[in-house]
2 protein chains.
Amino acid sequence: MQSRSGAPTLEAVAKRAGVSRATVSRVVNGSPKVTPDVLASVRQAIEELGYVPNRAARSLASRRTQAIALVVPEDTAKVFDEPYFAQIVQGVATHLATTDYALSLLISSAGSTEKTRRYLLGGNVDGAVVVSHHKDDPLLEGVAGTLPLVFGGRPFEPVPPHTHYVDADNVGGARAAVEHLVKLGRRRIATIAGPADMTAGQDRLRGWEEALVAAGLQADLAERGDFSPASGAKAMRALLATGAPIDGVFAANDQMALGAYAVLAEHDLRIPEDVAIVGFDDDRAASTALPPLTSVAQPSSEMGAEMARLLIQLIDGKGSVPEATVMPTELHVRASSAAQLKLSA
Amino acid sequence: MQSRSGAPTLEAVAKRAGVSRATVSRVVNGSPKVTPDVLASVRQAIEELGYVPNRAARSLASRRTQAIALVVPEDTAKVFDEPYFAQIVQGVATHLATTDYALSLLISSAGSTEKTRRYLLGGNVDGAVVVSHHKDDPLLEGVAGTLPLVFGGRPFEPVPPHTHYVDADNVGGARAAVEHLVKLGRRRIATIAGPADMTAGQDRLRGWEEALVAAGLQADLAERGDFSPASGAKAMRALLATGAPIDGVFAANDQMALGAYAVLAEHDLRIPEDVAIVGFDDDRAASTALPPLTSVAQPSSEMGAEMARLLIQLIDGKGSVPEATVMPTELHVRASSAAQLKLSA
DNA sequence: TTGTATGCGTTATCAC
DNA sequence: GTGATAACGCATACAA
């Protein structure tokens, strides 16, 4: 009885309630122009029959799909390893659960961009949230401008007009992290930066620099990594190899910070006594590390929810939607950063 | 031109190719009964127009949605923190990308189970992959038996007939972990077990027990956690409080193992010299821990892919589908486990 | 406010 | 092999 073949239709409800299909449709779609008693009887019929509107039919007739796509690139090993992405997905999905939009998850591998484009352009969704698109990504050619889009993370310059995105305050977060180290008395603060081809990497590097300049300190100790633990270790090694008396490190993410942990241990440098460290993302790994890692937390799942919310606003065309939404970060102080011991050297 | 309103239809293709809609439909659906030249001209017309079939219309007419749902419970904070779930999602999505099924991600919160059921029963999808369903979950009442389903993880007993699921070899993995500790010379091997209401927790505990019994060792040192680091720490504390001379620990997941790290440090117990530890899942955190954590890896994303594959087989009704699919685990040995130093005591 | 009629883009059932 | 034509289940002008 519940099977697809036997599912009750709008017509069945209409018959049972003694009204026309149009009226039932109005009730289902919450039209205000329905007499209370009619509304009641229709609702009852719906209830009794366990009627559920057929999405395909509705979509076909209304030319709206009531679905949005979430597009993530397939560097998925990388992608889903980052709790950040998983949380974005979670935020989007959870928000959508409160609406009647369905979520279609698209993994776009390098080879399937054409397929993804067709999907997006084929009228399968009313809009899309695009997470971590690459520089010069061909994926969105033709899509932007045709389909409402919201990006996760600031896109690369030049940002096309009317590009909507949600991002964390990477610059501010990085600045706060470094200011924290400065207040602790650290003076030679290095950074393990993120990749140059990701705006998050660029912005966190900038925050580090701004804070040092503002404090009248030198901003010359920087090495780039690719957000992986191994790259963090490599960068730390390079920094130590310069021979500079480093007493503080700001890593652009926690994974690289943890990679640095191992290298510092090899060099018999204690955390935080000799070198204080601050990471970014507030990974789960940050709190279980020894010592627990101070980190800049970004509200990933809230960001996902916000992207979904904005996209729906865009789709509904109600009011104006801000093009840039920057969410605040929060410094979580743990044992990896502490005031410097005044042991002199 | 590419916008939803102006998308080329089947009819447009038919007109341009000088054939009927029916023929175009046959071409699109790969029917064998189409003359080569007709086929060619239709294909060309499709190409030239950039035609993409409308999913809703197709679904309405064919009574198939070409979409499957991925249902995850909303303990999402917990859920998406576990890389395991993120990887399952990734595996399912990636496999689906190679088919022409779309993926609909459903987060089922406690309050929305009814909504989720309606979605599943409303003919929106052809089947569903259900991850981490709870014991006595009301979600699936009526769904099972109506819609093809594949579970992630062994469901609780009694397993209803014809329940398909994919799981890791939790018992075998745990056994391997403990056998490894035994080979290392450890004799008092405790376990930090998972929750009793999750089959993974049950199975890993059983593996621990089996291995100890097989080795002629006592299996009496067990404490349960809930897979969180804090619970792991608590369990470790409780184990140490027994006063037993523990020299090995098998934790049912890496997070709890890392929680135990901190407690062992507090007690001045060295890893692996005094206590060797093995975890489960092979989290990213396992390799960056100090010392790196030996862990049992399960092929999470492959499991996701397998679930999708089985589900599609089930939907297509081709051949018989195995009800239980158990994927092998692999022990990744790292520094947290090593041969016991023969320093005597 | 409610009902009638038509169309949404495909698939599927027929004849041809 | 190919082409009409009737569903598919719902939304929506339009009429009442």
Side-chain angles (χ1 to χ4, degrees), chain A residues 3-43 45-46 49-67 100 118 121-124 126, chain B residues 2-43 45-46 49-67 100 102 118 121-124 126:
Chain A
S3 82
R4 278 173 288 167
S5 50
T9 71
L10 207 169
E11 170 142 34
V13 176
K15 199 166 297 176
R16 190 180 235 282
V19 300
S20 73
R21 290 180 303 174
T23 299
V24 176
S25 178
R26 294 191 185 97
V27 171
V28 170
N29 294 298
S31 161
K33 11 184 67 182
V34 178
T35 321
D37 18 325
V38 178
L39 196 161
S41 65
V42 171
R43 280 200 173 141
I46 288 179
L49 265 45
Y51 168 72
V52 177
N54 178 302
R55 206 175 198 99
R58 176 185 283 202
S59 159
L60 186 57
S62 67
R63 296 161 138 299
R64 312 184 64 216
T65 64
Q66 286 297 94
D100 55 347
R118 302 222 137 184
L121 260 24
N124 294 299
D126 296 333
Chain B
Q2 292 280 31
S3 81
R4 278 173 289 166
S5 48
T9 73
L10 206 169
E11 171 142 33
V13 175
K15 199 166 297 177
R16 189 179 235 280
V19 299
S20 74
R21 291 178 301 173
T23 299
V24 177
S25 179
R26 291 191 187 97
V27 171
V28 170
N29 294 297
S31 163
K33 11 184 65 182
V34 178
T35 320
D37 19 324
V38 178
L39 196 160
S41 65
V42 170
R43 279 198 173 144
I46 287 180
L49 266 45
Y51 168 72
V52 177
N54 178 303
R55 206 177 198 99
R58 176 184 283 199
S59 160
L60 184 58
S62 67
R63 295 163 142 297
R64 312 184 65 216
T65 65
Q66 286 296 95
D100 56 345
R118 302 223 136 183
L121 260 25
N124 295 298
D126 295 333

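Not measured: the values here are computed from a predicted model. Lettering follows sequence order; numbering is per chain, from 1. The figures that follow rest on heavy atoms only: side chains count, while hydrogens, waters and symmetry mates do not.
Counting to the nearest Å, the C1' atom of dA11(D) and the CZ atom of R55(A) are 15 Å from each other. Put simply, CD on E11(A) is 12 Å from P on dA7(D), counting in whole angstrom units. Between the P atom of dT13(C) and the CZ atom of R21(B) lies a distance of 16 Å, rounded to the nearest Å. Between the P atom of dG9(C) and the CG atom of N54(B) lies a distance of 7 Å, rounded to the nearest Å. Rounded to whole angstrom, the span from the CD atom of Q66(B) across to the P atom of dC8(D) amounts to 20 Å. K15(B) has its NZ atom 13 Å from the C1' atom of dG9(C), to the nearest Å. In this structure, L60(B) places its CG atom 17 Å from P of dG7(C), rounding to the nearest Å. Rounded to whole Å, atom C1' of dT5(D) lies 15 Å from atom CG of L10(B).
Nucleic acid contact class of V34(A) (heavy atoms, under 4.0 Å, all strands): sugar-phosphate only. Here V19(A) lies in heavy-atom contact (under 4.0 Å) with sugar-phosphate atoms only.
Phosphate proximity of dT11(C) to S25(B): present, with a side-chain N or O under 4.0 Å from OP1 or OP2. Listed pair S20(B) / dG3(D) meets the phosphate criterion, a side-chain N or O lying under 4.0 Å from OP1 or OP2. For the OP1/OP2 pair of dG9(C) and a distance below 4.0 Å, the side-chain nitrogens and oxygens of R63(A) include at least one atom meeting the criterion. Close to dA11(D), at under 4.0 Å from its OP1 or OP2, lies a side-chain N or O of N29(A). Checking the phosphate oxygens (OP1, OP2) of dT11(C), a side-chain nitrogen or oxygen of R58(B) falls inside 4.0 Å. Under 4.0 angstrom from either OP1 or OP2 of dT2(C) there lies at least one side-chain N or O belonging to T35(A). Close to dT11(C), at under 4.0 Å from its OP1 or OP2, lies no side-chain N or O of R26(B).
With dA11(D), dT11(C), dT4(C) as the candidates, the nucleotide lying closest to the side chain of A22(A) is dT4(C). Distances were taken from every side-chain heavy atom of A61(A) (C-beta onward) to each of dT10(C), dA11(D), dT11(C); the shortest belongs to dA11(D). Across dT10(C), dA11(D), dT2(D), the shortest atom-to-atom separation from the side chain of T23(B) is found for dT2(D).
Looking only at distances, no side-chain donor or acceptor of D126(B) sits under 3.5 Å from a matching main-chain atom of R64(B). The main-chain N or O of D37(B) is never found under 3.5 Å from a side-chain atom of T35(B) such that the two would form a donor-acceptor pair. With N29(A) contributing its side chain and S31(A) its backbone, the two residues share no donor-acceptor pair below 3.5 Å.
Rounding to the nearest 0.5 angstrom, the gap separating the OG1 atom in T9(B) from the NZ atom in K15(B) is 8.0 Å.
For the pair S41(A) and A17(A), the tightest heavy-atom approach, listed with the atom from each and the gap, is O-CB, 4.0 Å.
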